[in-house]
Amino acid sequence: MKIIGTGSALPKKIVTNDMLSEFLDTSDAWIYPRTGIKSRHVISDEKLEDMAAEAARKALADAGMEAGDLDMIICSNVVNEYITPSLSCIIQGAIGATCPCLDINCACAGFIYALDIAESHFKAGRVKNVLIVCAEEPTRMTSWKDRSVCVLFGDGAGAAVLTEGDNIKGIKCSAASATDKLYQKHILEPTPYITKEEESIPLQMKGQDVFKFAVKASSGDIRYLLDNLGMKADDIDWYLLHQANMRIINSIRDFLGQPAEKFPTNVENHGNSSSASCPILLDECNRKGMFKPGDKLALSAFGAGFISGAVIIEW
Ligand code: ACO
């Protein structure tokens, strides 16, 4: 398969570090050096499903394709307003598609896992055109009283349209169960048979454990693909990494021994938008005309689970 269109959509509300320090015991002087984040887009009066549909429409327009041409929609999402129906079904209705729809929750690595699922359908000859939409509102998962977590995240949606081709050179999906490091717990409806006390818990994160996992997993996934494809880190033109934290990106870059120019970033203005992070960055770079045909791109993401994944693409 190959990517022939990208799109993204962001909430209009921009929250700077200084704005956070108006109601939290934090500061730009703490946040920026530790994370590389200056501001983030935060959902206010928008709906996530509308942003997801907007990103999808932009990707379809970029691909020159109609919604009716799609054979499958895969949506990566951790949290939205509905437990059911799936976000992919909501997107299908909004854009006027009629194909099968599938939601996945692979946290921040959702775009890579969605590419992997799509590729298996292409290889089985079951699809000709697939839409992936990653739509996330992690700012609705965190406690805005917890300065150690809420400062890290931003919302948004990113999308890509795939068609038949031979441009995905390799995909590596990994997981290493560590469910106490990054999690959120919500309460289900009570029944007459539940006697234990339950409480909902906003997103909890052991930041330093996540940091170490992220560097190890991302470096390992990329290295695995390079070795398998007989490539060297120098052969990659662009590294598009999950935009969680600038220090994580720099550590992976050091491990790969590659120059900063190969690592476009937007974490400064977006924060961590979970699985939407990679496709939003891909779309921004695509629309700037940064990629030439034949360029080799390595995308890599990591997150709760822990789950990680990487893909090498020829543009
Ligand atoms: N402002 C001011 N002080 C803060 C803030 C804040 N926003 N947050 C924490 N602190 C304080 C802590 O309370 C602590 O104070 P203390 O020493 O008095 O107890 C001090 O700063 C140090 O806290 P640490 O948590 O040890 O800070 P650390 O240097 O580890 O940095 C950070 C924290 C930035 C979260 C770091 O661990 C990190 O980047 N981890 C990776 C997190 C990440 O990227 N997660 C997302 C990836 S997974 C996904 O995408 C879902």
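These figures come from a predicted structure and were not determined experimentally.
Salt bridge annotation for K292-D295: present, with a cationic side-chain nitrogen under 4.0 angstrom from a carboxylate oxygen. Ion pair K58/E54 flagged as a salt bridge, since at least one NZ, NE, NH1 or NH2 atom sits closer than 4.0 Å to an Asp/Glu carboxylate oxygen. Taking 4.0 Å as the cut-off between side-chain N and carboxylate O, K38 and D28 count as a salt-bridged pair. Note on K128 versus D71: no salt bridge recorded, every NZ/NE/NH1/NH2 to OD/OE distance being 4.0 Å or above. A salt bridge links R147 with D25; the closest basic N to acidic carboxylate O contact falls under 4.0 Å.
Residue W30 holds its CH2 atom at 12.0 Å from CG of L20, rounded to the nearest 0.5 Å. A distance of 10.0 Å separates CZ of F122 from CE of M72, quoted to the nearest 0.5 Å. A distance of 10.5 Å separates CD1 in I91 from CG in D50, rounded to the nearest 0.5 Å. Between the CD1 atom in I307 and the SG atom in C173 there is a gap of 9.0 Å [rounded to 0.5 Å]. Summarising the geometry, atom CD1 belonging to I312 is positioned 9.5 Å from atom CG belonging to N228; distances are rounded to the nearest 0.5 Å. The CD1 atom of I280 sits 6.0 Å away from the OG atom of S8 when rounded to the nearest 0.5 Å.
Tracing side-chain contacts under 4.5 Å through hydrophobic residues (I, L, V, M, F, W, Y), one reaches L182 starting from W144; they form part of the same cluster. No chain of hydrophobic side-chain contacts below 4.5 Å, direct or via other Ile, Leu, Val, Met, Phe, Trp or Tyr residues, connects Y183 to V149. In terms of hydrophobic clustering, with Ile, Leu, Val, Met, Phe, Trp and Tyr side chains grouped at heavy-atom distances under 4.5 Å, I248 and L240 are assigned to different clusters. Under a hydrophobic clustering in which Ile, Leu, Val, Met, Phe, Trp and Tyr are joined whenever their side-chain heavy atoms come within less than 4.5 Å, directly or via other members, V210 and L152 fall into the same cluster. Hydrophobic clustering, with ILVMFWY side chains joined whenever heavy atoms are under 4.5 angstrom apart, keeps I249 apart from W238.
Of the possible polar contacts, one joining the N77 side chain to the A135 backbone as a donor-acceptor pair under 3.5 Å is found. Formation of a donor-acceptor pair under 3.5 Å by the S88 side chain with backbone atoms of L102 is found in this model. The closest donor-acceptor contact from the side chain of K262 to the backbone of D234 lies under 3.5 Å. For R40 (side chain) and V15 (main-chain N/O), a donor-acceptor pair under 3.5 Å exists by modelled atom type. With hydrogens and angles disregarded, no donor-acceptor distance shorter than 3.5 Å links the side chain of S218 to the backbone of V215. Formation of a donor-acceptor pair under 3.5 Å by the N129 side chain with backbone atoms of D69 is found in this model. Panel note: side chain T191, backbone Y193; a donor-acceptor pair is recorded below 3.5 Å. Put simply, the side chain of D103 never gets that close to the backbone of S86: no donor and acceptor are under 3.5 Å apart. Remark: the backbone N or O of V267 is paired with a side-chain donor or acceptor of Q243 at under 3.5 angstrom.
Scanning both residues, L131 and A56, for their nearest heavy atoms gives CD2-CB, 3.8 Å. Smallest separation of non-hydrogen atoms from N272 and A244: ND2-CB, 3.6 Å. Summarising the geometry of L70 relative to C99, their closest heavy-atom pair is O-CB, 3.2 Å, with the distance given to 0.1 Å. A pairwise comparison of heavy atoms in I83 and H186 identifies CD1-CE1, 4.3 Å as the closest pair. Taking each heavy atom of A53 and A94 in turn, the nearest pair found is CB-CB, 3.7 Å. Contact detail for V78 and N105: the closest heavy-atom pair is CG2-OD1, 3.8 Å.
Heavy-atom contacts from other residues, nucleotides or ligands closer than 6.0 Å to CZ of R253 number more than 12. Enclosure of atom CD in E66 is not indicated, since only 12 or fewer non-hydrogen atoms of other residues, nucleotides or ligands lie within 6.0 angstrom. In the displayed structure, K185 atom NZ is contacted under 6.0 Å by more than 12 heavy atoms of other residues, nucleotides or ligands. Remark: K169 NZ is packed, more than 12 non-hydrogen atoms of other residues, nucleotides or ligands lying under 6.0 Å away. Within 6.0 Å of NZ on K296 lie more than 12 heavy atoms contributed by other residues, nucleotides or ligands.
Using a 30° and 60° split on the angle between ring planes, Y239 and F263 fall in the parallel class, below 30°. Ring orientation note: the planes of F306 and F213 are close to parallel, at an angle under 30° on the 30°/60° scale.
For the 3.5 Å distance criterion, the side chains of E46 and H41 fail to qualify, holding no donor opposite an acceptor. Side-chain contact annotation: E136 with S275, donor-acceptor N/O pair under 3.5 Å present. With no hydrogens or angles considered, no side-chain donor-acceptor pair links N245 and T35 at under 3.5 Å. Under the 3.5 Å distance criterion, with hydrogens and angles disregarded, a donor-acceptor pair is assigned to the side chains of D146 and S148. With hydrogens and angles left out, the side-chain atoms of E284 and N266 include a donor and acceptor closer than 3.5 Å.
With a 4.5 Å cut-off on side-chain heavy atoms, I73 and I95 count as touching. At least one side-chain heavy atom of D62 sits under 4.5 Å from a side-chain heavy atom of R287. Contact annotation: the side chain of L282 approaches that of L297 to within less than 4.5 Å [non-hydrogen atoms, C-beta and beyond]. A heavy-atom distance below 4.5 Å is found between the side chains of C150 and L24. At least one side-chain heavy atom of I3 sits less than 4.5 Å from a side-chain heavy atom of W315. For the pair E49/Y82, a side-chain contact is recorded, criterion being any heavy-atom separation below 4.5 Å from C-beta on. Between R247 and R34 the shortest side-chain heavy-atom distance falls below 4.5 Å. No side-chain heavy atom of F255 sits less than 4.5 Å from a side-chain heavy atom of I222.
A cation-pi arrangement is present between K172 and Y224, with the terminal nitrogen or guanidinium carbon under 6.0 Å from the aromatic centre and inside a 45° cone about the axis.
Partner of H242 under the side-chain hydrogen bond (donor to acceptor under 3.5 Å, both in side chains) criterion, out of S274, S300, S277: S277 alone.
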*Intermediate values then yes/no, side chain to side chain contact (heavy atoms under 4.5 Å, CB included), Q204 and Q184*: CA-CA 6 Å; Q204 303 292 304; Q184 178 181 9; over 6 Å; no

*Take D180 and K206, measure what salt bridge (Lys or Arg N to Asp or Glu O under 4.0 Å) needs, and give me the verdict at the end.*
CA-CA 8 Å; D180 62 327; K206 296 198 169 105; 3.5 Å; yes

_Stepwise side chain to side chain contact (heavy atoms under 4.5 Å, CB included) check, K12 with D45_ = CA-CA 9 Å; K12 61 183 177 308; D45 56 4; 2.4 Å; yes

_I'd like to know whether H121 forms a side chain to side chain contact (heavy atoms under 4.5 Å, CB included) with K123, so could you lay out the CA-CA distance, the side-chain angles of the two residues, the decisive distance to 0.1 Å, and finally the verdict._
CA-CA 5 Å; H121 283 273; K123 281 189 169 160; over 6 Å; no

